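Shown next, in structure tokens, is the structure this report addresses.
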Number of protein chains: 2
Amino acid sequence: MKEAKTVTIEDVANAAGVSKSTVSQFLNKRYEYMSKSTREKIEKVVEELQFQPNHFARNLKSRKTKMVGIIVANIRHVFSTEIIRIVEQSLQEQGIHVIICNADDNPEKEVAYINLLAARNVDGLIIFPTGANYSEYSRLIDNKIPVVFIDRKIEGILADTVMLDNEAASFLAVSTLVKSNRDRIAMLTLPLTNNLSPRLERIEGYKKALSFFKIDYREELVSACPLINIKEELTRLFESDIKPNGIIAGNDLILKEALSFLKEQKISIPDEVAIIGIDDVSYADIYHPALTTIAQPTKEMGLKAAEIILERIKENTQKVPVVYRFSPELKIRESC
Amino acid sequence: MKEAKTVTIEDVANAAGVSKSTVSQFLNKRYEYMSKSTREKIEKVVEELQFQPNHFARNLKSRKTKMVGIIVANIRHVFSTEIIRIVEQSLQEQGIHVIICNADDNPEKEVAYINLLAARNVDGLIIFPTGANYSEYSRLIDNKIPVVFIDRKIEGILADTVMLDNEAASFLAVSTLVKSNRDRIAMLTLPLTNNLSPRLERIEGYKKALSFFKIDYREELVSACPLINIKEELTRLFESDIKPNGIIAGNDLILKEALSFLKEQKISIPDEVAIIGIDDVSYADIYHPALTTIAQPTKEMGLKAAEIILERIKENTQKVPVVYRFSPELKIRESC
DNA sequence: ATAATTTAATAAAACGGTTTAGTATTGATA
DNA sequence: TATCAATACTAAACCGTTTTATTAAATTAT
């Protein structure tokens with residue numbers, strides 16, 4: 001690999017008594033005009049010499065890297081890592097490699113990664129967008145680089161997108177809380193900067209569900225703030241006269257903050273307040289009480305993302321992009 | 001990037017009125033015999049044309065890919081993802097990219113990835129080894145490919161290794177339990193197949209600590225079995241006459257199984273049994289009771305791994321490999 | 001028998017850089 | 001004056017593939 005002088009296509013050609021071109025045809029499985037005997041001869045030599053084509057030489061001409069890049073807004077969400085695992089496995093089976101980059105919710109890092117992966121000629125890109133780089137996203141689309149977005153839809157960008165039916169998720173959450181007789185339901189999400197679609201939609205779904213169940217919407221019960229301020233917000237809510245008896249945590253990180261708050265304040269679940277989280281968490285089953293959550297079908301979503309990117313890479317179709325909305329799954333446990 | 005006919009080094013050369021070679025020298029920052037004026041001229045043209053060198057053409061001759069591969073035995077351990085995040089960030093700053101591959105504890109997948117990354121000419125490899133591929137590991141070393149192992153030491157392989165002082169971790173665990181007056185301490189780990197160093201060492205440390213504290217070692221209290229059998233083992237232990245009053249969970253996954261068991265059996269922590277986990281877990285603080293854990297200094301370990309691999313890549317030193325042992329950190333919470 | 005077509009293979013030109021060996025030019029040294 | 005060294009640059013080879021254009025031989029059609 002390094003010292004071991006590499007075996008090249010030329011060595012194979014010499015050993016098999018044919019030309020480089022023929023070997024190349026063989027390597028690319030274009031057997032059309034090749035006699036069975038030469039084909040077998042080359043096959044044998046390749047095996048014997050343990051020849052492995054050089055990816056770089058190959059790419060230089062063919063422009064295919066057999067790599068796709070994944071840029072994830074924040075790798076700390078279990079949702080992200082689960083999807084990544086599925087995609088990675090699924091592409092791996094097709095001989096395609098995955099490069100993972102973590103933008104840490106930082107749009108600048110995201111741009112840097114987009115450029116870097118583009119410069120590395122990845123065959124396609126799977127992005128969990130931060131949402132803040134409209135022009136970069138559209139540049140990718142314009143340049144016909146296969147892209148699929150996950151989790152978030154970007155306003156004005158026409159690209160394949162795999163995401164949760166967020167309104168349905170909120171509706172499920174509200175209805176579950178309503179069934180356990182909660183009528184003052186707080187909704188906690190992260191800030192709505194960049195118009196991040198899931199957050200907006202989850203709030204929208206919450207409102208619609210309330211109206212469906214004929215519960216008055218109260219603005220004070222909705223809070224969109226950074227993670228570090230969640231506890232303050234909860235303090236405010238629990239000290240006010242509309243003390244919530246139900247909480248919807250907009251994602252896994254918020255759920256953790258809320259649980260931490262409830263633990264500190266010794267507020268009992270579900271007696272004093274019921275809680276339900278959007279996004280499943282690893283400790284849901286073992287928590288006291290076990291946590292009712294609304295899970296995203298990560299497996300199906302990951303598989304779909306892999307399928308789309310493969311299709312876009314193979315046939316450079318001009319198919320019109322579609323947004324795939326996956327239904328949430330309610331996992332009833334004990335917290336609600 | 002795709003349609004947009006790429007700018008090549010030749011375009012730059014023409015625009016700047018110099019030869020390709022000179023531009024190449026410039027790109028590689030070899031300014032020795034270059035006049036200030038040419039240098040500035042090229043600089044300007046590169047900027048204007050937004051020239052980006054083609055990685056593949058570059059590698060073809062220079063054999064540097066500016067990529068390092070990470071092969072992780074099992075990406076579900078939080079320890080792994082944390083380390084990966086640190087390494088990735090740290091290498092990223094040096095303009096080096098990271099390819100992450102997950103072997104899912106499957107030695108065959110690990111071999112496949114090793115070969116694949118070697119074929120892609122990665123500059124170096126960071127491996128959380130499954131432990132079962134001795135000959136492949138030594139082939140890498142023989143071929144002088146920079147490698148650093150994380151978490152596990154492979155018997156007979158001389159390579160830089162970054163790992164926890166596992167004996168110290170067990171000792172800390174035992175001493176913490178002893179301090180809270182526990183004398184029947186169960187030790188749970190995953191199977192000892194492939195002689196995985198951390199598991200062996202953790203058991204070794206457990207034994208030594210017991211003897212230090214003058215507690216008799218009882219084989220029945222030690223269990224090394226697959227995750228799915230942990231609950232059976234615990235059932236056995238709790239039904240026997242040496243019902244443990246303290247548990248050491250050998251890693252994060254085992255801790256979860258143990259907590260699940262204790263929850264199902266309504267065994268109270270820490271009254272009936274104290275528990276301490278090796279590896280920190282995300283929910284340690286919010287659990288009832290908060291979980292006392294022994295954390296690995298992932299940040300320091302990740303930084304060290306990045307530092308070593310960088311050094312090995314840059315200067316192809318013949319420095320003798322060293323095993324770095326990091327001290328565990330006790331995080332006292334409420335479960336013990 | 002000759003022309004046209006199909007089959008099987010090849011030589012040579014890319015691809016976009018890096019590297020090696022070399023060439024002027026100038027100034028200093030013997 | 002001839003020699004040498006340092007400076008500033010370049011031409012051409014090379015890296016290992018893919019691809020295009022071409023050719024030679026074998027087969028079929030006219």
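Values in this document were obtained by computation on a predicted structure and should not be read as measured data. Note: hydrogens, waters and symmetry copies are ignored here, and every other heavy atom, side chains too, is used. So that the names make sense, note that chain A is the first sequence line, chain B the second, and so on, each numbered from 1.
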Residue A:Lys109 excluded, over 12 heavy atoms near NZ under 6.0 Å:
yes

Could you work out how much the helix from C:dA1-D:dT30 to C:dA30-D:dT1 bends, comparing the axis of its first five pairs with that of its last five, to 10°?
60°

Just checking B:Glu108: does its CD atom have more than 12 heavy atoms from other residues, nucleotides or ligands closer to it than 6.0 angstrom?
no

Show your reasoning for whether side-chain hydrogen bond (donor to acceptor under 3.5 Å, both in side chains) applies to B:Asn133 and B:Arg139.
CA-CA 10 Å; B:Asn133 291 310; B:Arg139 189 163 57 85; over 6 Å; no

Pairs under 3.5 Å (N/O, protein and nucleotides 10-13 of chain C):
unit_1	atom_1	unit_2	atom_2	d
C:dT10	OP1	A:Ser19	N	3.4
C:dT10	OP2	A:Ser19	N	2.8
C:dT10	OP2	A:Ser19	OG	3.0
C:dT10	OP2	A:Thr22	OG1	2.6
C:dA11	N7	A:Ser21	OG	3.1
C:dA11	N6	A:Ser21	OG	2.9

Starting the side chain at C-beta, find the nucleotide from D:dT17, D:dG16, C:dT19 nearest to A:Thr6.
D:dG16

Which part of the nucleic acid, if any, lies within reach of A:Asn59 when heavy atoms closer than 4.0 Å are counted: base, sugar-phosphate only, or nothing?
nothing

Pairwise 5' ranking along DNA chain D for B:Thr38 and B:Ala57, keeping only the more 5' one
B:Thr38

At what distance, to the nearest 0.5 angstrom, does CG of B:Asn74 lie from CZ of B:Phe128?
10.5 Å

From the list D:dT17, D:dA8, C:dG16, which nucleotide is the closest neighbour of the side chain of B:Ser35?
D:dA8

Within residues 44-54 of chain A, residues whose heavy atoms come under 4.0 Å of DNA chain D:
A:Phe51, A:Gln52, A:Pro53, A:Asn54

Regarding A:Thr8, tell me which of base, sugar-phosphate or nothing describes its non-hydrogen contacts under 4.0 Å with the strands shown.
sugar-phosphate

Hey, does A:Arg39 reach any base, or is it just sugar-phosphate, or nothing, if we go heavy atoms under 4.0 Å?
nothing

